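Structure first, then comments.
Quick caveat, the model's predicted, so the values are computed rather than measured. Throughout, a chain's letter reflects where its sequence line sits, starting with A, and its residues are numbered from 1. Scope of the values below: all heavy atoms of this structure, side chains included, with no hydrogens, waters or symmetry mates.
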Amino acid sequence: MMEEKLLEVENLQKIFNTPRGALHAVDNINFFVRKGETLGLVGESGCGKSTTGRMIVRLTQPTSGRIMFQGQDIHILNKKQLKETRKNIQMVFQDPFSSLNPRMSVSDLIKETFDIHKVYRKDKERDERVLEIMNVVGLSPRLVNSYPHELDGGRRQRVGIARAIALNPKCIVLDEPVSALDVSVQAQILNLLDRLQDEFKLTYLFIAHDLSVVKHVSDRIAVMYVGKMVELTDYKTIFKEPLHPYSRALISAIPTPNLKKKKDRIILEGDVPSPINPGPGCRFYPRCRERIDPICKETEPEMREVKPGHFVACHRAE
Amino acid sequence: MGNKLLEIKGLKVHYITEDGTVPAVDGIDMEIEEGETLGLVGETGAGKTTTALGIMNLVPDPPGKIVDGEIIFNGENLRTKSREAYRQIRGNKISMIFQDPMTSLNPVYTVFDQLTEVIKLHQKVGSGEALERAKEMLAKVGIPQERGEEYPHQFSGGMKQRVLIAIALACNPALLIADEPTTALDVTIQAQVLEVMKDLKKQFKMAMILITHDLGVVSEICEKVAIMYAGKIVEFADLESLFTNPSHPYTVGLFNSIPDPEEDVTELTPIKGLIPEPTELPPGCVFNPRCPDVMDICKGEFPETVELSPTHRVACYKYHKGIGGENK
C-alpha cells in the first residue's frame with residue numbers, strides 16, 4: 001500500500017442555518033485517503049456523510065476547514081484550476097433514476113463530460129471513446145441511443161459510473177452507489193467498481209449506510225454519528241474490536257444471513273438526536289449505555305489514536 | 001405441527017396492460033400455520049407485494065385481476081367472500097403494514113384518531129373504550145401515551161412504523177402481513193422495530209408473512225421462507241434447511257450476492273444477467289436464461305415442485321429423478 005495521501009480533510013465543518021437554529025451537518029472532522037485505497041464512510045441518515053462527500057467534490061461550500069487534494073486546498077481554487085481538479089475528483093450519485101437527465105441518451109450523457117472539458121477536437125474520436133467507456137463498464141453498444149427510462153437500475157448506475165470514469169479521474173466519491181439496487185444487481189456493480197479500481201488505480205471514498213457492503217469494498221472505515229466522526233480504523237478491526245459504543249451498536253444491529261453466528265444484539269434506545277444546536281458533550285451521550293457522568297455530558301470527546309491507525313472519539317476508549 | 005391458518009393454492013394474479021398480460025403472481029402454493037412467521041423473499045418485481053395484495057383482496061382492478069386459485073383462511077375460501085364480508089376480515093383478522101411509513105399514515109389526523117378508527121370499525125366499543133385500547137397499543141409498541149395526540153409529521157420514521165404496527169395489531173389479528181416493514185429505516189432503528197415485532201408476535205400469538213428482500217432480516221425473525229422469482233415460488237422451506245441447504249440455483253445466487261460481514265470474501269458471485277421483463281418471460285423455467293445449471297429441459301415447461309424433505313420443496317429440474325442426476 002502506498003503511503004501517499006491523495007485527499008486530506010482538516011477540521012471540516014458545515015453548518016446550515018435553519019429557522020430552528022444552526023444545523024451542524026458536519027462538525028470538525030478530520031481524515032485522509034491514501035492513493036489507491038477505499039475509505040468507507042458509514043452512518044445513519046442525517047449523520048453528515050453525504051454532505052462530506054458533496055464538499056469534497058465542491059458541490060457544497062464548507063463553513064470552515066480545508067479539503068486538500070494532492071496538497072492543494074480545493075476550496076480556494078480559481079475557476080480554471082477548479083475545472084482541472086474536477087476532472088480528477090468525480091462523483092457517482094445514489095439514485096440513478098434521478099441523477100441522469102431523462103432527455104439525454106446514453107451516448108449524450110457520456111459525451112457531455114468530454115464536451116465540458118473539451119477533451120476531443122474530432123467528434124469521431126470522441127464517439128469511439130464513448131463506446132470504449134461503455135464497454136469498460138459493461139454496457140452493450142446497442143444501448144448507445146437508449147434513454148435512461150429504457151434502462152433498469154443496474155444499467156443506469158453503469159451509465160453514472162461511465163460518466164465518472166470517462167475523464168480518467170484519480171478519485172471518485174461514491175455516494176450510496178448500490179443502495180437503490182436489488183441484491184443480485186448490487187453484487188454486479190460492486191464487482192465492477194472493484195475491477196475499475198484495479199484497472200485505473202482509482203481512489204474511492206465510498207459512502208453507504210450498509211456496513212456489509214462497506215466492509216466488502218473498503219480498506220479502512222470511518223463511522224459518523226450526527227455530524228461527528230466517532231471511529232476510524234481498518235475494515236477488519238472495526239468489525240472485530242469496535243471501540244466506540246455507537247460503532248458496537250451499529251455493527252451488532254446488522255442482520256446477518258448466517259444462522260450459525262447469531263450474535264448478541266445491542267438495541268439502542270431512542271432516536272438519532274437532532275443536529276440542530278447540539279449540546280456541549282458527546283453527541284451519543286443520550287443513547288449511550290457506557291456514559292460517564294459528568295464528563296460525557298459536558299465535554300466533547302476528541303478523536304484520539306488509541307492504537308496505531310485506530311482513531312476513536314470516546315472518553316472511555318483506551 | 002399447529003393448525004393451518006392460511007393456505008394458498010395455485011394463486012394467479014395477472015395485470016392486464018396495453019403491453020400485454022403480466023403474470024405478476026403465477027400459480028403459487030404456500031401455507032402458514034397459526035403463530036408462524038413466513039418470510040417471502042425476492043427482488044423487485046418478483047410478485048411479493050402482489051401476493052400480499054391478493055390475500056387482502058386489494059389488487060388494483062383494473063389492471064389487476066385474481067384469475068385463479070384459492071385462498072383458504074381458517075378453513076374458508078376467501079375468494080368466495082363478498083366485498084362486505086371481506087371488509088370484516090381486513091384490518092380485523094388479517095392486517096397489513098405497508099413499506100413506507102411516511103406515506104401510510106394520514107397527515108391530517110392524530111395518531112389516536114387513526115388508532116381508534118380501526119378499533120371502532122371492527123369492535124363494538126364506544127369512543128372512551130376505543131381510546132383506552134389505543135393507549136394500550138401505543139404502550140405495547142413503546143410509544144409514550146401522550147404522543148397519541150400528535151400528528152404523523154411529529155414522529156420519526158421508526159416511530160411512525162411503530163404506530164402502523166400498533167394500528168395493524170389493534171384488533172388482535174390472526175395474521176399480519178408486513179410488506180418490507182423495515183426497509184425504509186436505518187439499521188439501529190430497524191433492530192428496534194424488529195425487536196418490537198418479535199415481542200408482539202409472541203404476545204399476540206399471531207402468524208405473520210414478512211415480505212422482504214433481505215435474507216439477514218429473514219434469519220432474524222422467520223420460521224419458514226418462500227423464495228419468489230418472476231411470479232413463481234421457486235423454493236419453500238423451513239429456515240434451517242433454506243440457510244444450510246439452499247437448493248434452487250436462484251436461492252444459491254442470492255446468497256452468493258450478499259456480502260457477509262462475518263466472512264472475508266474478496267469477490268462476490270453475482271447472478272448473471274437481469275430479471276426478465278414481466279411481459280416477456282422466457283418459456284419454461286423463468287430462471288433458465290440466468291441459471292448456471294441450465295439444461296435443455298428447462299426451456300420447455302416450468303418444472304414441477306419436488307419435495308426434498310417434508311418441509312423443503314423446490315421447483316427445479318435438477319432435483320427431478322432421472323434428470324438432474326443427483327436423484328434427490
Side-chain angles (χ1 to χ4, degrees), chain A residues 42-47 151-155 178-192 194-195 209-217 225 235-236 238-240 246 249-263 265-274 287, chain B residues 41-46 142 155-159 182 184-196 212-221 229 239-244 246 250 253-275 277 290:
Chain A
V42 296
E44 299 180 276
S45 334
C47 73
L151 308 176
D152 60 274
R155 289 211 181 97
V178 296
S179 61
L181 308 174
D182 273 316
V183 282
S184 71
V185 180
Q186 170 178 306
Q188 293 173 354
I189 298 293
L190 290 176
N191 281 347
L192 169 68
D194 200 34
R195 205 190 74 222
H209 69 282
D210 185 335
L211 270 154
S212 330
V213 168
V214 171
K215 186 194 177 201
H216 183 76
V217 298
Y225 185 73
Y235 75 97
K236 278 185 183 153
I238 195 87
F239 277 84
K240 273 202 198 112
Y246 175 67
L250 190 65
I251 286 159
S252 86
I254 316 169
T256 40
N258 197 329
L259 289 186
K260 276 170 241 140
K261 293 183 186 158
K262 278 293 157 227
K263 50 199 172 179
R265 197 147 298 240
I266 304 168
I267 308 279
L268 289 178
E269 289 186 6
D271 280 313
V272 177
S274 158
R287 301 173 82 191
Chain B
V41 182
E43 298 180 281
T44 315
F155 288 78
S156 64
M159 294 287 252
T182 59
L185 307 175
D186 277 315
V187 283
T188 62
I189 306 299
Q190 164 171 293
Q192 288 176 353
V193 171
L194 286 178
E195 204 62 21
V196 169
T212 179
H213 63 277
D214 188 337
L215 282 164
V217 171
V218 167
S219 77
E220 291 298 323
I221 190 165
Y229 183 79
L239 187 71
E240 180 84 26
S241 307
L242 191 97
F243 278 69
T244 50
Y250 177 64
L254 273 185
F255 274 104
N256 290 339
S257 299
I258 326 169
D260 183 344
E262 309 285 343
E263 309 276 335
D264 235 347
V265 193
T266 43
E267 201 177 348
L268 300 171
T269 333
I271 304 168
K272 65 176 186 193
L274 299 164
I275 299 168
E277 283 296 316
R290 303 177 74 188

Taking all non-hydrogen atoms of both residues into account, name the closest pair between [X] and [Y] and its distance.
X      : Y      : value
A/P255 : B/V217 : CB-N, 3.6 Å
B/E195 : A/I267 : OE1-CD1, 3.8 Å
B/D186 : A/S45  : OD2-OG, 2.5 Å
A/S212 : B/P259 : CB-O, 3.3 Å
B/E43  : A/V183 : OE2-N, 3.6 Å
A/A253 : B/A191 : CB-CB, 3.9 Å

Got a second to check how far [X]'s [atom1] is from [Y]'s [atom2], nearest 0.5 Å?
X      : Y      : atom1 : atom2 : answer
A/H216 : B/I258 : NE2   : CD1   : 12.5 Å
B/T188 : A/H209 : OG1   : NE2   : 11.5 Å
A/L190 : B/L268 : CG    : CG    : 6.0 Å
B/D214 : A/T256 : CG    : OG1   : 10.0 Å

task = Could you check which of B/T44, B/L254, B/N256 has the highest count of heavy-atom pairs closer than 4.5 Å to chain A?
result =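 Max contact count across the listed options: B/T44.
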At a heavy-atom separation under 4.5 Å, does [X] approach chain A through its side chain, its backbone, both, or neither?
X      : answer
B/I221 : neither
B/I271 : both
B/Q190 : side chain
B/I189 : both

Check each atom of [X] against the heavy atoms of chain B and say whether the ones under 4.5 Å are side chain, backbone, both or neither.
X      : value
A/R195 : neither
A/K236 : side chain
A/L250 : both

Side-chain heavy atoms of B/L194 within contact of A/R265, under 4.5 Å = no
query = Quick one: does B/S257's side chain have a donor or acceptor within less than 3.5 Å of a partner on A/Q186's backbone?
reply =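 No.
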key: Whether A/Q188 side chain and B/G273 backbone form a donor-acceptor pair below 3.5 Å   =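 Side chain of A/Q188 to backbone of B/G273: a pair is present.
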